[in-house]
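A note on names: the letters A, B, ... follow the listed sequences, proteins ahead of strands, and every chain is numbered from 1. Only a predicted model underlies this, so the values are computations on that prediction, with no experimental measurement involved. In what follows, every heavy atom counts, from backbone to side chain, and hydrogens, waters and symmetry copies are set aside.
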Amino acid sequence: MSSVTGVSLADETPGPHGSAPLSGDGAGTGRLGDRLFGGAAKGAGIFVIALVTLVGVFLLWQAIPAIANDKASFLTSREWSVNDSNNLRFGIVELLWTTVTASAIAMLIAVPVGVAVALFITQYAPTWLSRPAASLIDLLAAVPSIVFGIWGLRTFGPVFEPVQNFLRDHLGWIPLFSDANISGGSTILFVGIVLAIMVLPIVTALSREVFAQTPITHREGALALGATKWEMIRISVLPFGKPGVISAAMLGLGRALGETIAVTIILSTLPDGAKWTFSLLNGGETFASRIANNAAEFDTPQKAGAFIAAGLVLFILTFVVNAIARIVIDRRKAFSE
Amino acid sequence: MAKRIDVSDLNVYYSAFKAVEGVTMTVEPRSVTAFIGPSGCGKSTFLRTLNRMHEVIPGGRVEGKVMLDDQDLYDSGVDPVAVRRTVGMVFQRPNPFPTMSIYDNVAAGLKLNGVKGKKRLDEVVEKSLQGANLWNEVKDRLSKPGAGLSGGQQQRLCIARAIAVEPQVLLMDEPCSALDPISTLAIEDLIGELKSKYTIVIVTHNMQQAARVSDRTAFFNLAATGKPGKLIEIDDTQRIFNNPGVKATEDYISGRFG
């Protein structure tokens, strides 16, 4: 169950219990070809694991001295002054808030829309439309983030401004929409929406792939019971595609959490000492945009360490999110084979 | 509750290709009718027109009439979804919904019909599983996945799922072709019991099976690959196997064909 789709041929062909006859080393014949290929595959696997481990080690090794010298609380402080290496004061709570909320907004929009688009392409659209529509969406994934950034800043932002004003004027009593004096095209909410558009093709492409693989026997089983098209989708297509959709959402979330350049261009940074607010109509910085905005200043190890510490938190965040997704998928494993 | 099927002059198409031509037959209520014939002769295709599953395939369409008692299934005002709730179907490969428990598999059709209330659902699930001779084997693990059962049990689960909505007719498309002989026997026994309540139509490649379970047998054949399949004859199973009216039937049954 480690494939993106979460399914394999084994789903279709119920086999005997116990390990498959051709698994592990059991099928190895000891011939040269077997050993070469086996070695290459093993090497590739070890290489990837080593790479991730080394990234983690690098982040820890660079970040720990800075965190140890941090005079403020690393997890709860909003301060960020790293110029005086004898008085380092930095904390990530604001970065965490901005990163998580912007990504959450992106996922809230991109996952339902992406799933809907994927369902349309695989289940509803006629063949002459589904192929071009699918390639068009794949193309959207190839648009560089800098283009989304500029487009968001110059074109989409001004269009979005009235929507934001409406939210502020009518829903301002909800803390999430309270006024923060930031123009419409550079707030967390707006960045979340741009991120949603960037993530959408990832979610759509992967969901489309799994939905299209729904075995025809499952779909006909539902239809033969007298299910309407939507009921058929609900009974057979969506449950079948669920692990794939979760994987797709995680990949998308990974992109949203780490997206740098578009966020850096769009999001207004806040002045030092700006008042804390829960408003989505506020500016701010994500982990990635904070690092990018200050990339020119990594002159001392201590200073760089502070930023790398921020990167470490981002790394852990992505890790945790993926682990949760894996648990969610595995919990219902017995029901998906 | 079982109904009679009257088919007249039915042509079945895949886009421009005519797969089945000019079928006229009557299927009596509370009986088992078997369709036999070589692969590609259109018997499964024809079977799928009886609950409008044929049109699920892109390009699938039909000309002619299929009457269920006095209702034409292909009348413009008829909803195919309603037809499929009246005419149930069991497929060649057992296809329980893999994400659902045994209980939910059986209850799936009921829930589609808007049946609510745990008590009512419990009753029907038990009755259907008993009707499919599966209750004793699964009553202690109703919440386990349906896909964890053996092939034969899965197929009986699919039968339970189909009869849970109390259809008028039950169509079976080679229901035993993926099963071992013991499971096959269990399904055949079940068909014998079910025919007291349902009109059953079964497609089979197994001549002995047709002879064992059916009251009437229809023989389909095709002149050549690429030509449409045709109904050669339909008669009492006894007659088809002992004294068929057409030579082609006798040749096929006795293995002298081609």
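Just one of B:Y13, B:Y14, B:F46 meets the ring-ring contact (aromatic ring centres under 6.0 Å, His included) condition when paired with B:H54; it is B:Y14.
Applying the 6.0 Å contact sphere to NZ of B:K65 captures no more than 12 heavy atoms from other residues, nucleotides or ligands. The environment of CZ in B:F17 is crowded: more than 12 heavy-atom neighbours from other residues, nucleotides or ligands sit within 6.0 Å.
Pairs passing the salt bridge (charged side-chain N to carboxylate O under 4.0 Å, His left out) check and including a residue from residues 110-138 of chain A, sequence neighbours excluded, read A:D138-A:R208.
Judged by distance alone, with hydrogens and angles left aside, the side-chain atoms of B:R52 form a donor-acceptor pair with the main-chain N or O of B:L73 at under 3.5 Å.
Among B:R48, B:R85, B:M89, the residue with the largest count of heavy-atom pairs under 4.5 Å with chain A is B:R85.
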So B:R84 and A:E231, salt bridge (charged side-chain N to carboxylate O under 4.0 Å, His left out) or not? Walk me through it.
CA-CA 13 Å; B:R84 293 177 203 135; A:E231 287 165 338; over 6 Å; no
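Rounding to the nearest 0.5 angstrom, the gap separating the CD1 atom in A:I246 from the CE atom in A:M250 is 7.0 Å.
When heavy atoms are compared at a cutoff of 4.5 Å, B:V81 approaches chain A by way of both its backbone and its side chain.
Of residues 104-130 of chain B, those residues lying under 4.5 Å from chain A by any heavy-atom pair are B:A108, B:G109, B:L112.
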